Undergrad: 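Below: one structure in C-alpha cells.
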Amino acid sequence: MSANRIQHKVNHVALVVDCSGSMRPHQGQLIRVVDEFVAGLKAESDSLGHETRISLYSFDHKVENLVWDMDVKHLPSMRGLYKVNNGATALIEASLKSLDDLGHIWEEYGEHSFLQIVVTDGEENASGGDRRHDGDMAILGPWLDRIAAKMGALAGHWTSAILVPNSLAKRTAQNYGFPAGNIAIWDADSQEGVEEAIGTVRAAATSFLRGREKGVRGTKNLFAVGQDISVDDVRANLEPVPADKYRLLKVDEEVEIRSFVDSHPGVTYERGSCYYQLGTRVQVQPDKEVIVVEKDTDRAYTGDAARSLLFGTGIQGTVSVKAGRNPQLEVYVQSRSVNRKLKPRTRLLIML
C-alpha cells in the first residue's frame, strides 16, 4: 500500500427492524424516528469527515433488505419502504443475514468498521421455517448454533447490538452471543417507547462514530455514554460551574435522595437542584439537565451543549443510557424525584 494513500474512515451501519404484526401500532412512529436516526448519522459523519453507509432490513418470518450500503446523504425516507406485516419473528435469521451480507464488503482500502443494530419487540419464533401454527421448535437448534458461532467469530472492528422488549429477551440475546453491554431494553408497549428506542440507538451510533476518531473500531459496550469524550472536549464545549455554586457528596449506602440531602448540614433538598451520578441504565427525559465532572479536580461543567456532547446532535426525546468507562470524567443527571434511591459508591451533586 502506498505510504501516501489517505486511509479514510468508512462506517457500515445495518439497522435491522422487526416488521411482524405486533409492530403495527408503531409503524408510523417508527418511520419518523428512523428517518431522524439517519439524519443524525449524516450530521455526525459530516462533522467528523467520515463516510457512513447504511443498510436497512425488515423482518417478520421473512427477511428483506430495503436499502443496501447506501451513503447516508442519499438515503430516502423509510416511508414507502417499511411496512408491518402479519408474520412471525425470524430474529436469528435476520441478524445472521445482515452480518453475512456486510461480510461481502471489500475492505482492502480505507479503514472500515461495521455496526449492526437489531430492533425487535418479540422473541425468535420463525427462523428456519414459519412455526406460527405448528409450534415446532426443533428446527431452531442449528440456527442457535449458527448465530452463536457467528457472534463469537466477529472481528474486533465489528459491533453487533440489539434492542429487546424485556429482561427475559435480554438473557436470550446474550445466549445468542450479543455482548451484554450491547443489549438495551425498550418499552415496546407505547409510542413513547419507540422514540426512546431510536433515541437510544442514535445516541449509541453517535458514540460509535466519535469513538472511531479515537481509534476505537468496535465495542462491546455500545449503549453507554461518556466513554468517548475527553476533558478537552468538555472544556471546549461546556461552561464551568463556579466552585461555590455546587457541592459533591459521597453516597456510602443506598438511600432516598431527600433524606440523604437533608442529613447534611448547610444544604436542604430542593426539587431539581440535585444531580445523581450516572451508573446503571436509566431513562433521561428531554427536560433533564446533565453535568460533567472532572474526577481529578471535581470541576463541574454544564450548558446547552451538554446533552448533545453526551447523547448526540439533535436528540430531543428520552434516551435510555448507562455510564461508560471513562477514567477522567463522571456524568451527573438532574433528578426531580423526592424518593429516588441513590446507589452506594456514587456521588450526588447539589446546586446551591
Side-chain angles (χ1 to χ4, degrees), residues 13-27 29-30 33-34 36-37 40 57-59 84 88-92 94-95 98 115-125 147-148 151 159-208 219-227 276-286 288 310-312 315-325 331 333 335 337 340-341 343:
V13 180
L15 187 61
V16 187
V17 184
D18 191 340
C19 69
S20 60
S22 56
M23 293 291 287
R24 190 170 305 283
H26 307 311
Q27 178 170 309
Q29 186 84 340
L30 192 66
V33 291
V34 169
E36 290 181 1
F37 164 69
Y57 293 80
S58 66
F59 68 95
V84 172
T89 308
L91 174 60
I92 295 176
S95 302
S98 54
L115 171 62
Q116 175 205 55
I117 301 177
V118 183
V119 181
T120 182
D121 72 338
E123 293 198 54
E124 167 63 52
N125 63 6
I147 192 167
M151 291 292 185
T159 299
S160 186
I162 188 169
L163 269 72
V164 295
N166 52 53
S167 56
L168 176 61
K170 179 175 182 176
R171 288 193 294 272
T172 301
Q174 284 183 261
N175 291 336
Y176 294 164
F178 288 94
N182 289 357
I183 306 171
I185 295 174
W186 68 292
D187 178 8
D189 296 323
S190 71
Q191 294 294 323
E192 293 79 9
V194 179
E195 290 218 27
E196 178 189 325
I198 299 300
T200 300
V201 168
R202 185 165 165 179
T206 295
S207 177
F208 176 83
T219 178
K220 294 186 177 180
N221 200 30
L222 182 69
F223 294 119
V225 299
Q227 60 193 13
Y276 62 90
Q277 185 179 340
L278 182 63
T280 56
R281 186 166 301 282
V282 295
Q283 293 179 337
V284 181
Q285 291 77 19
K288 297 296 178 61
L310 287 167
F311 308 143
I315 297 178
Q316 304 297 330
T318 298
V319 293
S320 174
V321 294
K322 65 179 181 180
R325 297 181 181 90
V331 178
V333 179
S335 173
S337 169
R340 168 175 288 279
K341 291 290 178 43
K343 301 299 182 183

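Everything numeric in this text was worked out from a predicted model, so none of it was measured. Just so it is clear, the values below take in all heavy atoms, side chains as well, and ignore hydrogens, waters and symmetry mates.
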Undergrad: Which residues pass the side-chain contact (heavy atoms from CB on, under 4.5 Å) test with Val284, not counting sequence neighbours?
TA: Val282, Lys288, Arg307, Phe311, Val319, Val321, Val333
Undergrad: Residues in salt bridge (Lys or Arg N to Asp or Glu O under 4.0 Å) with Lys343, at least two apart?
TA: Glu254
Undergrad: With sequence neighbours left out, write down each residue that passes side-chain contact (heavy atoms from CB on, under 4.5 Å) with Ser207, or none if nothing qualifies.
TA: Gln227, Asp228
Undergrad: Identify, with sequence neighbours excluded, every residue that meets side-chain contact (heavy atoms from CB on, under 4.5 Å) alongside Ser335.
TA: Ile257, Tyr276, Ser337, Arg340
Undergrad: Going by side-chain hydrogen bond (donor to acceptor under 3.5 Å, both in side chains), name the pairs with one or both residues in residues 165-187, residues two or more places apart or in two chains.
TA: Glu123-Thr172, Asp187-Ser190
Undergrad: Looking only at non-hydrogen atoms, find the nearest pair between Pro165 and Gly122 and report the distance.
TA: CG-N, 4.0 Å
Undergrad: Among Ile147, Leu91, Thr89, whose side-chain contact (heavy atoms from CB on, under 4.5 Å) with Glu124 holds?
TA: Leu91
Undergrad: Test of understanding: with side-chain hydrogen bond (donor to acceptor under 3.5 Å, both in side chains), list the residues that count as partners of Thr120, not counting sequence neighbours.
TA: Asp18
Undergrad: Only counting residues at least two apart or in another chain, list the ones meeting side-chain hydrogen bond (donor to acceptor under 3.5 Å, both in side chains) with Ser160.
TA: Gln116
Undergrad: If you look at every heavy atom in Asp121 and Ser20, which pair is closest and at what distance?
TA: OD1-OG, 4.0 Å
Undergrad: Please report the closest heavy-atom contact between Val118 and Ser95, naming both atoms and the distance.
TA: CG2-OG, 3.8 Å
Undergrad: Please identify each residue that fulfils side-chain hydrogen bond (donor to acceptor under 3.5 Å, both in side chains) with Gln277, with sequence neighbours left out.
TA: none
Undergrad: Kindly write out the residues that satisfy side-chain hydrogen bond (donor to acceptor under 3.5 Å, both in side chains) with Arg24, not counting sequence neighbours, or none if the list is empty.
TA: Asn86
Undergrad: Quick one: are Leu30 and Ile198 in side-chain contact, heavy atoms under 4.5 Å?
TA: yes
